[in-house]
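The block underneath contains the structure these notes are about, expressed in structure tokens.
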Amino acid sequence: MSDEQGQGHETGSERDFEEELRGLLAADAYTIRPSPAPYPAIRRRGVAERRRRVTAVGAALVTLAAVPVGAYALGGGGSRVAADTATSPTPSVTASASASASASLSASAGTTSSPSPTEPGQPATEGQLLDGITFEQAVDGLEKCIAYDKEFETKERPSQLGSADNYRIILAMNSTGDSNTPGDGFFVVAVQEEPTPIRVICNVKDGEASGLNTSSGNDEFPEAGPVLVDINSGKLYQQSFMDKGNWKLPFRWGVIGMYGPSVAKVTVSYGDSGTSEAVLDHGWFVTAGTLNQQVTKAPHVKGYDKGGKLVYDSAEDSTYEQTLP
């Protein structure tokens, strides 16, 4: 960045620092965790909401000293939509256009067994539990993140996450440390349907909750279209803005979002991972892969109806961020 004409070196440096810090906070927002926001309302605002998140950085700066580094979120993320018309979950299907390392989720994974009434629900396929992470480990991570959230509740901001056994785990995968949040760990993504739809992205490192992103909303499908990429899915598919051009590779990534009842298939293309078909899990689509080269463009998401007709293309979605920060 360059100084504006007529500004001294000190003033220009201060402006550069402020603009860079605003960019970092808007791109990562790892250190801020406000209350969950209603996702449908956010999505309807589209690009305007993303601009609002940038302008909110000024207010967020005030709280930096008071909020632990592990907490991260700036804006809501996603809520469950009406389940697909099929009564049984869609099995995991991988259709990679490149090497097997870019495969989304194991095509051989079968439907998991029914959980006990006192534990979270299991994902539609075993292939949604990646990198050797067991269901028990995912449950333990979810419980720690819910407890972590309750540590910071106040009278003005009570925890809304409830109990872990109200959730269903839809993805667990390794997480890669970066310059902003050093240290590898694993992500757990879980959704609650009742009494209030909530989506949780939980990061666990060294056996402790390290990061938490939540969103809440109702079951009404937003007006944006039949497929809706979670607005905070970037937590799963990109590294810190500070590491631009220098990502740690190979990099495990994931994408989550919602789909409407007219959608029968969702595909995701991302860098050298090729194209893979996502799991459709009771209103949520889930996919993952591995990058061996850094990218500059966000995952390309497409949705198809039962007749194979393209009904959604993220490249045509003006509210979807096409490039990475």
Nearest-0.5 Å distance, CG of residue Asp178 to CH2 of residue Trp247: 10.0 Å

Let's go through Val204 and Gln137 carefully: what are the C-alpha distance in whole Å and the side-chain angles of both, what is the deciding distance for side-chain contact (heavy atoms from CB on, under 4.5 Å) to 0.1 Å, and is it a yes or a no? CA-CA 10 Å; Val204 178; Gln137 289 173 320; over 6 Å; no

Side chain to side chain donor-acceptor pair (under 3.5 Å), paired with Lys248, selected from Thr176, Asp184, Asp243: Asp184

Do Leu280 and Tyr304 share a hydrophobic cluster (ILVMFWY, side-chain heavy atoms under 4.5 Å, transitive)? no

Hey, which of Thr214, Thr196, Asn166 is the one that makes side chain to side chain contact (heavy atoms under 4.5 Å, CB included) with Leu161? Thr214

Taking all heavy atoms of Gly245 and all of Gln294, pick out the closest pair and write down the distance. N-NE2, 2.8 Å

Treating Gln322 as the side-chain partner and Glu316 as the backbone partner, does any N or O pair qualify as donor plus acceptor under 3.5 Å? no

Taking the side chain as C-beta and beyond, is there a heavy-atom pair between Asp281 and Val191 under 4.5 Å? no

Distance in Å, Ile170 CD1 paired with Phe285 CZ, rounded so as to fall on 0.5 Å steps: 9.5 Å

Taking the side chain as everything from C-beta on, heavy atoms only, tell me whether Asn174 gets closer than 4.5 Å to Leu130. no

When rounded to the nearest 0.5 angstrom, what is the spacing between CG in Leu291 and CD in Gln238? 11.5 Å

With a 3.5 Å distance limit and no angle check, can you tell me whether Tyr237 reaches the backbone of Gly254 through a side-chain donor-acceptor pair? no

Does a sphere of radius 6.0 Å around NZ in Lys244 hold more than 12 heavy atoms from other residues, nucleotides or ligands, not counting ones at 6.0 Å or beyond? no

Only pairs at least two apart or in different chains count here, so list each disulfide bond (SG atoms under 2.5 Å apart) that has a residue in residues 118-159. Cys145-Cys202

Quick check for you: to the nearest 0.5 Å, what is the distance between Phe187 atom CZ and Asp131 atom CG? 11.5 Å

Look only at the side chain of Arg199 and the backbone of Asn213, and say whether a donor-acceptor pair between them is shorter than 3.5 Å. yes

Only one of Lys144, Lys150, Glu143 passes side chain to side chain contact (heavy atoms under 4.5 Å, CB included) with Ile146, and that residue is Lys150

Going by atom types only, do Thr287 and Ser276 share a side-chain donor-acceptor pair under 3.5 Å? yes

Taking only residues at least two apart or on different chains, which pairs with a member in residues 254-305 satisfy disulfide bond (SG atoms under 2.5 Å apart)? none

What distance separates Leu142 CG from Arg168 CZ, expressed to the nearest 0.5 Å? 12.5 Å

With the side chain counted from C-beta on, respond yes when Lys302 and Leu310 share a heavy-atom pair under 4.5 Å apart, and no when they do not. yes

Shortest non-hydrogen separation from Pro120 to Val139 and the atoms involved: CD-CG1, 3.7 Å

Taking the side chain as C-beta and beyond, is there a heavy-atom pair between Val229 and Tyr312 under 4.5 Å? yes

For residues Thr323 and Thr296, determine if any side-chain heavy atom of one lies less than 4.5 Å from a side-chain heavy atom of the other. no

As an exercise, state the distance from NZ of Lys309 to NZ of Lys265, rounded to the nearest 0.5 Å. 15.5 Å

Take Lys205 and Thr181 through the side-chain contact (heavy atoms from CB on, under 4.5 Å) test and state the conclusion after the steps. CA-CA 10 Å; Lys205 297 181 180 181; Thr181 56; 3.6 Å; yes

Between the side chain of Thr154 and the main-chain N/O of Arg157, is any donor-acceptor distance below 3.5 Å? yes

Tightest non-hydrogen contact, residues Trp253 and Thr290, listed as NE1-N, 3.3 Å

